[in-house]
Amino acid sequence: MARDITDGMSAPDTAPFRDARYAPRALEVEKRGETLILRNPTPYSDAVRTTTEPLARWAAEAPDRVWLAERIPGAEGWRTITYAEAKARIEALTGGLAALGLGSGQPLLILARNGIDHALIAYAAMSLGAPAAPVSPQYGLKGADLTRLAHAVERLKPAAVYADDAEAFGEALAAPFLAGLPTIVSRDARPGDIAFADLLNSAPRGPVAEPDDIAKLLLTSGSTGKPKAVVCTHANIALNAAQIEACYTDPEPPVLVNSAPWSHSLGANAILHMVLHRGGTLYIDAGQPVSARFEETVRNLREVATTYHNMVPAGWAMLVGELERDETLAAKFFEKVRVLQYGGASMAQSILDRVQAVAVKTVGERITFAAGYGATETGPTACNIHWLNARSGMVGLPTPGTTVKLAPPDGVTGGEGGKFEIRVKGPQVSPGYLDQPEATEQAFDEDGFYRLGDAARLADPQDPSAGLVFDGRLVENFKLASGAFVAAGALRVAAVSALGGLVSDAIVCGEGREGIGLMLFLDAKTCERLGDDAAVRAAIAERLAAYNQQAKGGTGRIARALVLDGAPNAASGELTDKGYINQALARERRPTELERLFAEAPDDGVMRF
């Protein structure tokens, strides 16, 4: 029976860490004026240079080990596939795709949720040199705005389509921009569709892809314009997995429960392919970090003791409440896990501290919290925390074989302790964007470093090896009417942290206004404990007032706040697949609330400070 285990919890600052099996940290530092160059000289293996080579290895060395598991629909238990079974089915699918005419440079558009069939057909396409092109399921599920999918198809130019469920994606599959393309379907096939099961009966064909072939085409988030198709070569993906592996001295295959979508590089490369590279097991989680879907994640974590757990901050904010309330869940969760990680956005320190408190209460140890950093264009992992850590907001240091340039951004003074723009060079960095040479040229600086558009600062200005702290998206920043510059990303994290679990996220507003405003999404379960709406508002007002006392000047002080009804809208793209808010789109979709927030004579629902 679940029992609340929060009584008597205190900050576990002195508890020992569980061994994370990290390799020693290494860093070379070069200073060029106000620019810093950081290199990680740790050796990593470059022997594996295509995405399909690890499959052959593990099918031979551990044929009966489970690679992937997914829930059986409408029943208890898991459907699993071993490495040997996966290799055989991928070779059959490769033969079937080749018979349909797919070959090098001819993309397979994937409209599907994470699942075993999705993984098998993606690796089959890649083994042919046919790029796997998974797009967000939000682009094609019922009720979706199909203009986003139409743009994706125009950009990707697919030669065939795979859908896990023709009924779920029926409107999209019937769209004129997909007319005439061979369509492969796992469930509810329509007349004329090719059944996935039939394709498994094809004559097998081995992999023919070369390291420089395109393995995947992954769309950017579109937060700064229409999505671009990022070219991910086999070598980019394979070598990034080797770089991550070199951060550890851990021969044990990892075990994960994970829901990160495979339409993005975090889920597709840093999770799915990293598991394959290391011969691990991935339990595919159909849950999502939203109240209506998170119970599935909790259900899975009750059954599977993971060795590594990665979630977006919104997921951690929900999971920590469950861990605090349920000692049985906490015991299972902390049984074997050695590394906890968040990605996709910055996470409030208060959430991390609460997780550590439950860990110490449950197993007497802290579990190191890592964070990966990068973008679709960087593999994704350009930096990560590969040492014992209990601090949020860190982006770590370069992964083995990666060089990071820290350059003073335009209009901002850099140097020791200042704000820097992050730029990256390494074997995992994409050669650019499909059929967009101008965008590709603009993405790299004069020295060939990819420009991510993010800011960072040194955790310790006197010691770069202490790591980098994320300092916001440069493209999210804005100016107040006074001309004062607001670092929106860093402010959002600080404010959400100060609110201590009362809110799940915040939209930072104020461009051209007299002061900064927040539109807040409540965390329903935390707020239930406080009682009525008046108590919740009072708690928010009290904590934001305390935050303002510590804020630095007008660029950090909150002037107004408004609680929003409901949650971010995933179907619109406002809430990304990775669980963070597209700030610009969220503001654009709420003109009425924005005007209400900054009204000259605001109503009683607007908190003023």
Side-chain angles (χ1 to χ4, degrees), residues 2-13 287-295 297-298 301 309 311-327 329-330 333-334 340 342 344-362 366-367 369 371 390-393 490-508 518-548 550 558 561-568 575 579-581 607:
R3 181 169 68 85
D4 193 310
I5 61 173
T6 58
D7 293 343
M9 277 190 184
S10 59
D13 297 338
Q288 292 181 349
V290 294
S291 57
R293 300 287 302 276
F294 195 67
E295 181 54 40
T297 297
V298 175
L301 291 174
H309 193 66
M311 299 180 80
V312 295
W316 283 112
M318 302 180 78
L319 180 61
V320 68
E322 300 293 337
L323 293 171
E324 289 169 342
R325 287 185 285 271
D326 187 344
E327 66 177 358
L329 172 65
F333 183 74
F334 291 112
L340 307 176
Y342 64 92
S346 294
M347 188 166 77
Q349 181 68 42
S350 59
I351 296 172
L352 188 152
D353 290 342
R354 289 167 62 195
V355 174
Q356 295 290 20
V358 184
V360 172
K361 182 78 172 180
T362 305
R366 286 184 287 173
I367 312 298
F369 245 109
R391 176 177 176 176
S392 185
L491 188 148
R492 169 192 154 272
V493 173
V496 171
S497 182
L499 286 166
L502 291 172
V503 302
S504 62
D505 217 323
I507 306 169
V508 181
L518 297 179
M519 292 193 283
L520 304 172
F521 294 101
L522 295 179
D523 182 280
K525 288 193 175 181
T526 302
C527 292
E528 281 176 8
R529 302 181 187 180
L530 293 177
D532 58 19
D533 292 343
V536 171
R537 283 174 49 83
I540 290 173
E542 179 183 355
R543 296 181 190 185
L544 285 180
Y547 165 82
N548 278 340
Q550 307 297 322
I558 307 303
L562 174 66
V563 174
L564 299 175
D565 294 329
L575 182 69
Y580 67 85
I581 293 178
M607 290 172 264

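Just so you know, residue 1 is the first one in the sequence shown, and it goes up from there. The figures that follow rest on heavy atoms only: side chains count, while hydrogens, waters and symmetry mates do not.
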| Is there a donor-acceptor pair closer than 3.5 Å between any side-chain N or O of Q356 and the backbone N or O of I367? | yes
| message | So, taking the atom named CD in E528 and the one named CG in L522, what distance separates them when rounded to the nearest 0.5 Å? | response | 11.0 Å
| field | Heavy-atom pair of closest approach, residues F294 and G315 | value | CZ-O, 3.6 Å
| query | Is the backbone of A390 close enough, under 3.5 Å, to the side chain of Q349 for a donor and an acceptor to pair up by distance? | reply | yes
| query | If you measure from CZ on R537 to CG on L502, what distance do you get to the nearest 0.5 Å? | reply | 13.0 Å
| H309 vs F333 aromatic rings, parallel, tilted or perpendicular, using cut-offs 30° and 60°? | perpendicular
| query | Mind checking whether S392 and F369 have side chains closer than 4.5 Å, heavy atoms only? | reply | no
| Atom CG of D532 with >12 non-hydrogen neighbours under 6.0 angstrom | yes
| field | CG-CG distance between D353 and D13, expressed to the nearest 0.5 angstrom | value | 7.5 Å
| query | Quick one: CG on L544 to CE on M607, what's the gap to the nearest 0.5 Å? | reply | 7.0 Å
| request: Look only at the side chain of R366 and the backbone of A359, and say whether a donor-acceptor pair between them is shorter than 3.5 Å. | output: no
| Between the side chain of N548 and the main-chain N/O of I558, is any donor-acceptor distance below 3.5 Å? | yes
| What heavy-atom pair brings L520 and A506 nearest, and what distance separates the two atoms? | CD2-CB, 3.7 Å
| task | Could you give me the CA-CA distance, side-chain angles and deciding distance for D326 and V298, then say whether side chain to side chain contact (heavy atoms under 4.5 Å, CB included) is met? | result | CA-CA 11 Å; D326 187 344; V298 175; over 6 Å; no
| field | Straight-line distance of M347 CE to M311 CE, nearest 0.5 Å | value | 10.0 Å
| request: Determine whether V355 and L319 make a side-chain contact, defined as any pair of heavy atoms from C-beta on separated by less than 4.5 Å. | output: no
| task | Working to the nearest 0.5 Å, report the span between CG of L352 and CH2 of W316. | result | 9.0 Å
| Would a distance-only check, ignoring hydrogens and angles, find a side-chain to backbone donor-acceptor pair under 3.5 Å from T362 to V358? | yes
| Check: M318 and S504 side chains under 4.5 Å, non-hydrogen atoms | no
| Is any side-chain heavy atom of V508 closer than 4.5 Å to a side-chain heavy atom of L518? | yes
| said: Does L499 form a side chain to side chain contact (heavy atoms under 4.5 Å, CB included) with Y547? I'd like the steps, not just the answer. | reply: CA-CA 9 Å; L499 286 166; Y547 165 82; over 6 Å; no
